[in-house]
Amino acid sequence: MTPELRRLSGLLGRTLVALDFDGVLSPIVPDPASAVALPGTADVLTAVAARVARVAVVTGRPAADAVRLGSLAGVPGLVVLGHYGLQRWSDGTLSTPASDDGVEVARRRVAELAAARPGVTVEDKHHSVALHTRSAADPAAALAELRPHADAVASEAGLQVTPGRFVLELRPVGVDKGVAIRSLVAETGAAAILYAGDDLGDLPAVTAVRELASSGAIDAGLVVCSDAKEASAELRAAADVVVPGPPGVQELLSELAALD
Ligand SMILES: [Mg+2]
């Protein structure tokens with residue numbers, strides 16, 4: 001038994017379990033389109049869902065992608081927040097807002113930035129646009145060179161730049177995993193949170209968990225770092241528990257489902 005899970009003893013029925021998808025439920029693979037969840041994921045989430053107030057997946061991906069890649073459609077009561085909380089899937093129903101005007105502006109400018117830089121690619125996520133440098137000769141140098149240009153486009157379009165591993169994502173202001181966590185706590189009345197992530201995009205969620213705990217809005221917060229390939233050093237340092245990637249997350253969730 002992971003000792004830190006004891007923090008949730010007595011609070012399990014009022015616990016929100018919120019999980020990132022990539023690097024947490026699914027191993028990081030070269031092609032994000034084939035990042036399927038680890039076998040057994042839906043089963044363990046179903047076991048956890050029977051014990052806690054709510055299981056949620058909070059991802060930068062479109063919500064339907066995570067449901068499909070995770071084979072999660074049958075997990076009872078599951079909520080999947082896509083696009084960092086902009087989009088919501090539950091009970092087989094997807095609610096999605098219209099695309100932001102700023103994203104429309106940025107889409108064209110970002111395509112120009114990529115066209116001028118070998119190895120830089122655009123991912124159009126509809127509610128955001130992302131520039132990837134993974135395929136550049138020097139991905140880190142390409143990212144650093146690109147950053148001020150992406151900042152300028154975001155500023156012009158009224159968006160914010162969210163950096164990740166070899167990616168800069170331009171998306172609407174006021175949408176992040178921290179906001180998503182706060183909304184899940186508000187709607188469930190959760191008294192405790194277990195959050196698991198692996199990337200820079202998870203840090204706002206960690207901040208939200210810490211602030212909710214220190215303000216007394218929740219009684220316990222537990223942050224888990226899935227130490228997957230390319231995990232963020234900041235997240236690792238901020239976490240209460242570090243587990244070895246998606247298999248470690250799955251083991252921890254099994255322990256949670258079996259907690260007294
Ligand atoms: Mg991730």
Side-chain angles (χ1 to χ4, degrees), residues 16-38 41-42 44-45 48 55-72 78-89 123 125 127-134 139-140 143 160-171 175-181 184 193-209 222-253:
L16 164 67
V17 174
L19 310 160
D20 177 29
F21 186 77
D22 289 87
V24 173
L25 297 181
S26 72
I28 302 287
V29 293
D31 174 17
S34 56
V36 295
L38 209 62
T41 295
V44 78
L45 293 188
V48 171
V55 177
V57 172
V58 184
T59 175
R61 284 182 184 270
D65 274 18
V67 172
R68 180 175 51 81
L69 292 167
S71 302
L72 301 178
L78 181 73
V79 170
V80 180
L81 299 182
H83 293 293
Y84 301 91
L86 209 57
Q87 198 179 46
R88 181 189 178 100
W89 178 97
E123 181 186 4
K125 297 180 162 188
H127 295 287
S128 66
V129 275
L131 283 159
H132 292 268
T133 66
R134 191 176 296 275
L143 195 77
Q160 63 182 348
V161 176
T162 304
R165 177 87 171 162
F166 303 140
V167 61
L168 297 170
E169 184 163 346
L170 287 76
R171 57 186 161 88
V175 179
D176 65 35
K177 291 190 180 184
V179 175
I181 291 297
L184 287 168
I193 303 174
L194 183 153
Y195 184 82
D198 74 317
D199 199 1
L200 291 172
D202 297 304
L203 289 174
V206 176
T207 302
V209 171
L222 189 64
V223 173
V224 178
C225 171
S226 173
D227 202 358
K229 197 165 129 189
E230 304 184 355
S232 142
E234 287 98 320
L235 190 76
R236 205 178 292 126
D240 301 301
V241 185
V242 179
V243 299
V249 172
Q250 202 169 94
E251 173 64 30
L252 186 83
L253 292 174

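In this text the structure is predicted, and so the values were computed from the model without any measurement. Just follow the structure's listing: the first ligand is 1, and inside any ligand the first atom is 1.
For the pair Val249 and Ser226, the minimum side-chain heavy-atom distance is below 4.5 Å.
Note on Asp20: its N/O/S atom closest to the Mg ion (ligand 1) is OD2. Looking only at its N/O/S atoms, Asp22 has O as the one nearest to the Mg ion (ligand 1).
The backbone N or O of Arg171 sits nowhere less than 3.5 Å from a side-chain atom of Ser128 that would complete a donor-acceptor pair.
At least one N, O or S atom of Asp198 sits under 2.8 Å from the Mg ion (ligand 1). Put simply, Asp202 stays out of reach of the Mg ion (ligand 1), with no N, O or S atom under 2.8 Å from it.
With respect to the salt-bridge test (charged N to carboxylate O, under 4.0 angstrom), the residues Arg236 and Asp198 do not qualify.
Of the residues listed (Val79, Leu253, Leu45), the one engaging Val55 in a side-chain contact (heavy atoms from CB on, under 4.5 Å) is Leu45, and it is the only one.
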